[in-house]
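In what follows, a single structure is set out as C-alpha cells and then discussed.
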Protein chains: 2
Amino acid sequence: MFPSAAPSQDHIQARYEAMLNALRRADYRLTPQRMAVCHYLAETRSHPTPSEIFHAVKEQFPTISRATVYNTVTVLKELGEIIELPAGGGTGVRYETDITPHVNLTCTRCGRIYDVSLDNLEDILKQINERTDFQLTNFHIEGYGLCPNCQTSNS
Amino acid sequence: MFPSAAPSQDHIQARYEAMLNALRRADYRLTPQRMAVCHYLAETRSHPTPSEIFHAVKEQFPTISRATVYNTVTVLKELGEIIELPAGGGTGVRYETDITPHVNLTCTRCGRIYDVSLDNLEDILKQINERTDFQLTNFHIEGYGLCPNCQTSNS
DNA sequence: CAATCTATTTAGAATCAGTATAATATCAGA
DNA sequence: TCTGATATTATACTGATTCTAAATAGATTG
C-alpha cells in the first residue's frame with residue numbers, strides 16, 4: 001500500500017504541461033525559473049516545502065531566489081494546480097502536487113503524509129456544488145492518526 | 001447556508017469536557033492555563049490562529065505566555081482534538097476546532113473558511129480503514145475556490 | 001507537614017518562514 | 001533598437017514559532 005509508486009514519465013509530462021498551460025491561460029510568462037519549479041513539482045511525490053523546492057531548483061538554477069519560488073507557488077496555488085497543506089508542527093507549509101481527488105493521511109506523530117485513493121469521490125463534489133454557492137476549483141481529504149510505524153514505536 | 005450557527009451551550013460544554021478527558025487520558029495535568037485554552041477552543045467557531053488564542057486567553061490569564069499556547073495546541077493536535085489548517089497566504093496556521101467530519105471551504109482569494117456538512121461521510125472512514133493500516137483518529141475535507149463574495153468583486 | 005521530584009509555565013532570546021523593496025534583467029511589441 | 005511591462009534577484013524586514021533557563025506548581029513519599 002505505502003508508499004505511492006513513483007509517477008510515470010507520461011504522468012509527469014502531463015502534469016508539467018498542465019501547469020504551464022494554466023500559467024499561459026492566466027497570462028503569466030513562462031520563464032525558465034517558473035518552468036523549473038513546475039517541473040520539480042510535477043515529478044515529485046514528496047509534498048515538498050517551499051525550502052525543499054528552492055534547494056531542488058537551485059541545482060539547475062544556482063541564482064534562483066526564494067522570492068521566485070514563493071511567487072511561483074502562490075500563483076500555482078491560486079490557479080488550483082497545487083494545494084497548500086500544513087507541514088505539521090507549525091513549521092510552515094507543504095504542497096500537494098497531485099490534484100486528483102484523493103486522501104492525505106497525515107501521521108500526527110511523525111508528520112509524514114501518505115496518499116490513498118478512494119472510490120466515489122465525485123459524489124462529494126456534487127454535494128458541495130448542490131449545497132453551496134462556492135465556485136470550487138478542487139478539493140481533497142485529510143485523515144489524521146498514527147501511521148503503521150508510529151503505532152509500534154514508543155518514543 | 002453561511003455562516004454556521006453559534007454552538008449551543010451544551011455543545012460547548014461537551015467539546016470542553018472531551019478535550020479535558022483527552023488530556024487526562026494521556027496523563028497531562030489539567031492546569032488552569034490549559035483549561036482556559038480548551039475552553040476558548042470549545043466555544044469559538046472562528047478557526048483561530050495561535051495568536052488569536054493567545055490574546056483571547058490573556059483576558060482571563062494576563063500572565064500566560066505564547067509558549068504555553070503553542071504547547072497546548074500541539075498536544076491537543078496530537079490527541080486529535082483539533083486540526084491544523086494552513087491559514088492562507090503563508091501567515092501561519094489556524095485550528096479547526098470542530099472535529100466532526102465536515103467540509104472546510106477555503107476561499108483562495110480572501111482566505112475565509114466556511115463550514116459545510118455533508119451526507120455519507122462514514123463511508124469515507126470505512127474505506128480508509130479497509131484499505132490502510134493507519135490508526136485513524138479523525139478526518140475532514142477541504143475544498144478550494146471562490147466564495148460568493150469574491151466571485152463578484154474584481155479587486 | 002516537609003522534602004523532593006517532575007511537569008509546567010514564563011519571559012525573553014533566538015531562529016526561521018514568508019513578505020516587501022529596490023535595483024537589475026528579461027521579454028514582447030512598436 | 002527602443003520602450004514599457006513583467007519577472008528575478010539580493011537583501012532587509014516582519015512576524016510566527018521554537019528554545020532555553022529560571023521560577024512555579026502539583027504530586028509523591030517519608
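Here is the naming used below: chain letters follow the sequence lines, and residue numbers restart at 1 for every chain. What's counted below: heavy atoms across the whole structure, side chains too, no hydrogens, waters or symmetry copies.
- Y28(B) has its OH atom 17 Å from the P atom of dA27(D), to the nearest Å.
- Comparing atom distances between the Y70(A) side chain and each of dG18(C), dT17(D), dT8(D) picks out dG18(C) as nearest.
- Between R15(A) and D10(A) there is no salt bridge, since no side-chain N of the basic residue sits under 4.0 Å from a carboxylate O of the acidic one.
- Under the 6.0 Å cut-off for aromatic ring centres, Y114(B) and F134(A) qualify, their centroids lying closer than that.
- Regarding R34(B), its CZ atom lies at a distance of 15 Å from the P atom of dA25(D), rounded to whole Å.
- The side chain of A67(A) lies closest to dT9(D), out of dG4(D), dT10(C), dT9(D).
- Among the heavy atoms of the strands lying under 4.0 Å from T68(A) is at least one base atom, whether or not backbone atoms are also near.
- The closest side-chain donor-acceptor pair between D98(A) and T100(A) falls under 3.5 angstrom.
- Atom CG of L30(A) and atom P of dA7(D) are 10 Å apart (whole Å).
- Atom CD1 of I64(B) is separated from atom P of dA25(D) by 14 Å (rounded to the nearest Å).
- Contact annotation for T63(B): backbone-only contact, meaning every heavy-atom pair under 4.0 Å involves sugar-phosphate atoms and none involves a base.
- When each of dA5(D), dT10(C), dT9(D) is scored by its nearest atom to the side-chain atoms of R29(A), the top-ranked nucleotide is dA5(D).
- Across the protein-nucleic acid pair, K58(A) atom NZ and dT9(D) atom C1' stand 11 Å apart, rounded to whole Å.
- Ring geometry for H39(A) versus Y16(A): interplanar angle over 60°, hence perpendicular rather than tilted (30 to 60°).
- If you take CG of L23(A) and P of dT6(D), they are 15 Å apart, rounded to a whole angstrom.
- A straight line from OH of Y95(B) to C1' of dT17(D) spans 10 Å, rounded to a whole angstrom.
- Here the P atom of nucleotide dA28(C) and the CZ atom of R24(A) are 12 Å apart, to the nearest Å.
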